[in-house]
Number of protein chains: 2
Amino acid sequence: MAARAATLTDVAKEAGVSLATASRALNGSERVVRAELHDRTLAAAARLGYTPNAQAQSMAKGSTDLVGLLVNDIADPYFSTIAAGLATAAEEHGLLVMLCSTGGRPERELELLAALRRQRGRAIVLAGSRINDRAHLRELAAHVEPFTAAGGRVAAISEPRLPVDTVVVDNRRGAQDLAARLAELGYRRPAVLTGPERLLVSRDRRDGFLAGWRRSASGEPVCAAEEFSRDGGSRAMQRVLDEHPDVDVVFAINDLMALGAMAACRERGVRVPQDVAVAGFDDISTLRDVTPGLTTVRLPLAEMGRMALDLVLGEDAEKARRRKVRGEVVLRESTPGR
Amino acid sequence: MAARAATLTDVAKEAGVSLATASRALNGSERVVRAELHDRTLAAAARLGYTPNAQAQSMAKGSTDLVGLLVNDIADPYFSTIAAGLATAAEEHGLLVMLCSTGGRPERELELLAALRRQRGRAIVLAGSRINDRAHLRELAAHVEPFTAAGGRVAAISEPRLPVDTVVVDNRRGAQDLAARLAELGYRRPAVLTGPERLLVSRDRRDGFLAGWRRSASGEPVCAAEEFSRDGGSRAMQRVLDEHPDVDVVFAINDLMALGAMAACRERGVRVPQDVAVAGFDDISTLRDVTPGLTTVRLPLAEMGRMALDLVLGEDAEKARRRKVRGEVVLRESTPGR
DNA sequence: CTGAAAGCGCTAACAC
DNA sequence: GTGTTAGCGCTTTCAG
């Protein structure tokens, strides 16, 4: 066993035609091959269980139909929704998506970017928050530059820190709008549950919220930083409950953290929204049915994946283009107002 | 622009060494190359922004470090969790995962399987329920067979319908156990919310539940089939509420459908669990915090991804091996008992 | 330890 | 129309 896979040469021999003819019949342009030879070739291919070798094909023609997608964590619904959107768009273009998950580790991000470069895909999409680390950014750029110089295309879905096309989420603005709405609803003692300081998403959303709050109401929000996850949200909420029991509304930097926060409240016997209101960010679809309904800032996640692919497949506009995405505040029962 | 990427030949020339030496220094075994030439080569490579061409490499050495993963829907947490588990395991083996999402369309599954074959990956993992369709199964097998015959490995995470290694989830057993527990809790008028009949997961879970129920209590469960999703669950629940308002417990074939069912109850003013109890299947992690806590059958999703990779990388045991996975009933507040 | 040269499977000129 | 042949970028004998 482990016999080698049938090659085009095998097929050509089996069909009694030349290599070139076999290639044309199987993978090349239509009509050029006489019907009889065409059929004979196809029959031979079927008999041999032949499948073209994509590696060899793309070497010979110097181009692939692969696009790489790099995400922080594929198990996170934020990224899996983006991935799904991008995959759908890719299918329409006949492209194959190579999806890699970095687990949020910067070194791994570099490794995977390198791996994607090696695959010589047509394009690479980087989804996932940039971190505030010049050295890492420089290394990233060092990979991106030769790739684009060689004709590869790169886009990012994140803060615009790299010299590539990027789908920019207006995190500040979204959080700011949310803060304004919450202040309007009569809340006065806010807390912000953030992720690690180095994550730009986290920083932007917090800063946006603070700005929006200061503009609309008095009372400085308290902040608690934890891991960027459901459990982080839970821990952050517990700290807030311990240290600032009078807080009346909590903004968690994303829905997952908000989920953890709500769970923490439940465990402590703190009622949401009667005792404390909770809001998140992203509008993860599986979370739309939690109770009480979670107020959040809706992001068009799947659409963002599609936009990134469009950017990366579109005209090469020399300069790094920006496509801005705005979040829309969605008020639900978790913030009924006072 | 669009200058071609630097090749090994370029590097060799730049470093003033032979192609073979450059190859050895950059990608081959260590020590064989004298330190000086080694360094000179690396320097040249860095200067040129050289990255090996993986396609060419794997052509030359006749093997890849790609493994393909085919899932129904990457946006579904069931699959994204499996994918994450598999990706983690793949990383440990230095393998790259090529993730493809079929959207549940059988034709697309075939197309993507073919694409994965073309990529000549080392292995392919098929995750996702098989459907009850002999023709489709035959076509699938027709792709799998030549791939394995040529030394490729294939594993499935699903019902064992294909002649390949498979991680088999004991859906019947899990549902059966759940039924027994619910009967024990005193429920007497059950309903089952299923997906399309052709989906084997759906069928197995329903049949398991029915069997378990009949063994433990009287009263035949009513069934409602809808789409295999949150919205399907909602619709199915509405129908049950309309046609069998006396139902006291509902088993939804998976957590997503259960979520939809709970939402439908809320909209109708039917209280869960006071008026009707609800249970799901899978134990999706983001759904562990819904209220009331959802009774379900826990599946080790990430672990299943890892197991599939182990199978596919392990000794080729000639015969299609089976690794059975059992679900564990997790009782939560959505089924407090009567 | 280093270099020359033969492929890996396929496409794309280029001839016939 | 169809066949021949020269690469695509790299690894790997096989000689030196």
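Convention: sequence-line order gives letters A, B, ...; per-chain numbering from 1.
Which of D:dT11, D:dG3, C:dT11 sits closest to the side chain of A:Val17 comes down to D:dG3. Of the candidates C:dA4, D:dC10, C:dC10, C:dC10 carries the atom nearest the A:Ala56 side chain, counting heavy atoms from C-beta on. Considering only the side chain of A:Arg34, D:dT2 comes nearest among C:dT11, D:dG9, D:dT2. Listed candidates were C:dA12, D:dC8, D:dC10. Nearest to the side chain of B:Tyr50 is D:dC10. Candidate nucleotides D:dC10, C:dC10, C:dG9 were compared by shortest atom distance to the side chain of A:Leu19, and C:dC10 ranks first. Closest to the B:Asn53 side chain, of the nucleotides D:dT12, D:dC10, C:dC10, is D:dC10.
No more than 12 heavy atoms of other residues, nucleotides or ligands sit less than 6.0 Å from atom CZ of A:Arg198.
Listed by first then second residue, pairs satisfying salt bridge (charged side-chain N to carboxylate O under 4.0 Å, His left out) with a partner in residues 35-60 of chain B read B:Glu14-B:Arg47, B:Arg34-B:Glu36, B:Glu36-B:Arg40, not counting sequence neighbours.
In this structure, the side chain of B:Thr41 engages the main chain of B:Leu37 through a donor-acceptor pair within 3.5 Å. Side-chain atoms of A:Thr88 come within 3.5 Å of backbone atoms of A:Ala84 as a donor-acceptor pair (strictly under, hydrogens ignored).
Atom CD in A:Glu36 sits about 13 Å away from atom C1' in D:dT2, given to the nearest Å.
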Handout entry: side chain to side chain contact (heavy atoms under 4.5 Å, CB included) assessment of B:Leu113 paired with B:Phe147
Key = CA-CA 10 Å; B:Leu113 180 51; B:Phe147 183 76; over 6 Å; no
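For D:dG3, the OP1/OP2 oxygens have a side-chain nitrogen or oxygen of A:Thr21 closer than 4.0 Å.
Here A:Leu37 lies in heavy-atom contact (under 4.0 Å) with sugar-phosphate atoms only.
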Report each atom pair, protein N/O against N/O of nucleotides 13-16 of chain D, whose distance is under 3.5 angstrom.
none

